[in-house]
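Everything numeric in this text was worked out from a predicted model, so none of it was measured. Heads up: numbering here begins at 1 and tracks the sequence.
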Amino acid sequence: MNRRTPLRGLACLAFALFSLGASTAAACSMPFTMALETWPPYMYADAGGKPAGLDIELAQAIFREARCTLIITDEVPRKRRQKMYEDGTLNLLLAASDTPEREKTSYFTLPYRREVAALMALTPKAAQYASVRSFADLRARKILLVSPNSGWYGPDYATNLPAMQAASSVVFFEDFQQGIRMIKAQHGDVILGDLVALTWEARKQNIPVAPLPMPVFSDDVHMMLSRRSAIPADVEALNAAINRLEKNGTLAQIRARYGLH
């Protein structure tokens, strides 16, 4: 049973949070709304149905420091979430990579953490894939990749993905729970994804996995604000908050509790 706030309550939720923060949220031009995602340990609903996770804690700390209002709605499917962002119903996304294409429609804050993508395999089988050096190598050796169905995983992956698809050497998953299950069921040989999220989910399912030596991608991630609603002053307020929280160690303390530096 879904115990989180239903979407039909979005208007009431938005009004309540706006009213709560209106008197102190002068630093931003408007409240910012994001949808919850099931992406542990970064974002998820806790046992009480409340937003939890590393990115949630970081975003809440930043918005609180900036004296801005953050509204977190119920989870929606990924494609619908993207459409809602494009049409302005949502105006904030977390853990975003800054790309020239996205700059056309979005503002980006300073980075608030680092994201590391990796290839992993079941621990008993990891040694046989230790010599893999590229995604082209995976395809040439007929190693079946289990991959997220969206996201940026570096130029090597982007360049080789069409050829891997043409060769049927890649299969996709919607979330990490499904991806780890696919590896366990041997529906693929190696899995691609966020190192922390894959490790978290594998431990949850009690499935031993190990990262492969091949570097995949590492990048800073940012909060992404829609240009349809945000103004440069909003970004400046959030950036100033990030700088202060980095200097006083608040963000580092939150990251450290999740095993990140």
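Contact detail for G188 and V146: the closest heavy-atom pair is CA-CG2, 3.5 Å. Heavy-atom minimum distance, P41 versus V196: CG-CG1, 3.6 Å. Closest approach of S106 and Y85 over heavy atoms only: OG-OH, 2.6 Å. Of all the heavy atoms in V76 and A35, the pair that sits closest is CG2-CB, 4.0 Å. Residues A237 and A66 come closest through the heavy atom pair O-CB, 3.7 Å. Taking all atoms of both residues into account, the shortest heavy-atom contact from L198 to A118 is CD1-O, 4.3 Å.
Using a 4.5 Å heavy-atom cutoff, the side chains of P148 and L192 are in contact. In this structure, the side chains of E201 and K204 come closer than 4.5 Å at one or more pairs of heavy atoms. When side chains are defined from C-beta on, I62 counts as touching L238, because their heavy atoms get closer than 4.5 Å. The shortest side-chain heavy-atom distance between P51 and M34 does not fall under the 4.5 Å cut-off. Using a 4.5 Å heavy-atom cutoff, the side chains of D74 and L36 are not in contact. Within the 4.5 Å cutoff, no side-chain heavy atoms of D189 are placed close to those of K125. The shortest side-chain heavy-atom distance between L119 and L145 falls under the 4.5 Å cut-off. Put simply, the side chain of Q205 reaches to within 4.5 Å of the side chain of Q177, judged on heavy atoms.
When the side chains of ILVMFWY residues are joined at heavy-atom separations under 4.5 Å, either directly or via intervening members, V132 and L195 end up in two distinct hydrophobic clusters. Transitive grouping of hydrophobic side chains (ILVMFWY, heavy atoms separated by less than 4.5 Å) brings L54 and F176 into a common cluster. Under the 4.5 Å side-chain heavy-atom criterion for grouping Ile, Leu, Val, Met, Phe, Trp and Tyr, I180 is connected to V116 within one hydrophobic cluster. Under the 4.5 Å side-chain heavy-atom criterion for ILVMFWY residues, a single connected hydrophobic cluster contains both Y107 and Y112. Hydrophobic clustering, with ILVMFWY side chains joined whenever heavy atoms are under 4.5 angstrom apart, groups V171 together with L122.
The local environment of CG in D87 is crowded, with over 12 non-hydrogen atoms from other residues, nucleotides or ligands closer than 6.0 Å.
Take F63 and apply the ring pair (Phe, Tyr, Trp, His ring centres under 6.0 Å) test, not counting sequence neighbours, and it matches no residue. The salt bridge (Lys or Arg N to Asp or Glu O under 4.0 Å) check on E246 picks up R255, with sequence neighbours excluded. For Q178, the side-chain contact (heavy atoms from CB on, under 4.5 Å) partners are F173, E174, D175, M182, not counting sequence neighbours. Checked against ring pair (Phe, Tyr, Trp, His ring centres under 6.0 Å), Y42 has the following partners two or more places apart in sequence or in another chain: W39. Residues meeting the salt bridge (Lys or Arg N to Asp or Glu O under 4.0 Å) test with R113, sequence neighbours left out: D55, E115. Residues satisfying the salt bridge (Lys or Arg N to Asp or Glu O under 4.0 Å) criterion with R133, sequence neighbours excluded, are absent altogether.
Y153 and S147 form no side-chain donor-acceptor contact under 3.5 Å, judged by distance and modelled atom types alone. Between the side chains of T250 and R64, no donor-acceptor pair of N or O atoms lies under 3.5 Å. Side-chain atoms of E75 and T38 form a donor-acceptor pair, as typed in the model, at a separation below 3.5 Å.
Rounding to the nearest 0.5 Å gives a distance of 7.5 Å between CD of Q60 and CD of E57. Of the inter-residue distances, the one linking L58 atom CG with L251 atom CG reads 6.0 Å to the nearest 0.5 angstrom. To the nearest 0.5 angstrom, E65 atom CD is 4.5 Å from L245 atom CG. Put simply, CD1 on I191 and CG on L144 are 11.0 Å apart, with the number rounded to the nearest 0.5 Å. Put simply, CZ on R78 and CG on N149 are 4.5 Å apart, with the number rounded to the nearest 0.5 Å. For the atom pair M84 CE and L90 CG, the distance stands at 4.0 Å (nearest 0.5 Å).
With hydrogens and angles disregarded, a donor-acceptor distance shorter than 3.5 Å links the side chain of R227 to the backbone of E103.
Connectivity analysis of hydrophobic side chains (ILVMFWY, heavy atoms under 4.5 Å, direct or indirect) links W200 to nothing; its cluster partners are none.
Sorted by first and then second residue, the side chain to side chain donor-acceptor pair (under 3.5 Å) pairs involving residues 231-241 (not counting sequence neighbours) are S29-D234. The list of ring-ring contact (aromatic ring centres under 6.0 Å, His included) pairs with a residue in residues 122-147, not counting sequence neighbours, reads F135-Y157.
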Donor-acceptor pairs under 3.5 angstrom involving side-chain atoms of residues 159-166: please list them, not counting sequence neighbours.
unit_1, atom_1, unit_2, atom_2, d
T159, OG1, P155, O, 2.8
N160, ND2, D156, O, 2.9
N160, ND2, D156, OD1, 2.8

Please table the atom pairs, donor to acceptor, closer than 3.5 Å between any side-chain atom in residues 207-225 and protein atoms at least two apart or in another chain.
unit_1, atom_1, unit_2, atom_2, d
S218, OG, R114, NE, 3.1
D220, OD1, R114, NH1, 2.8
H222, ND1, T109, O, 2.7

Can I get a per-line list of side-chain donor-acceptor pairs under 3.5 Å for residues 91-99, giving both atom names and the distance, sequence neighbours left out?
unit_1, atom_1, unit_2, atom_2, d
N91, OD1, T33, N, 2.7
N91, ND2, S229, OG, 3.4
T99, OG1, R102, N, 3.2

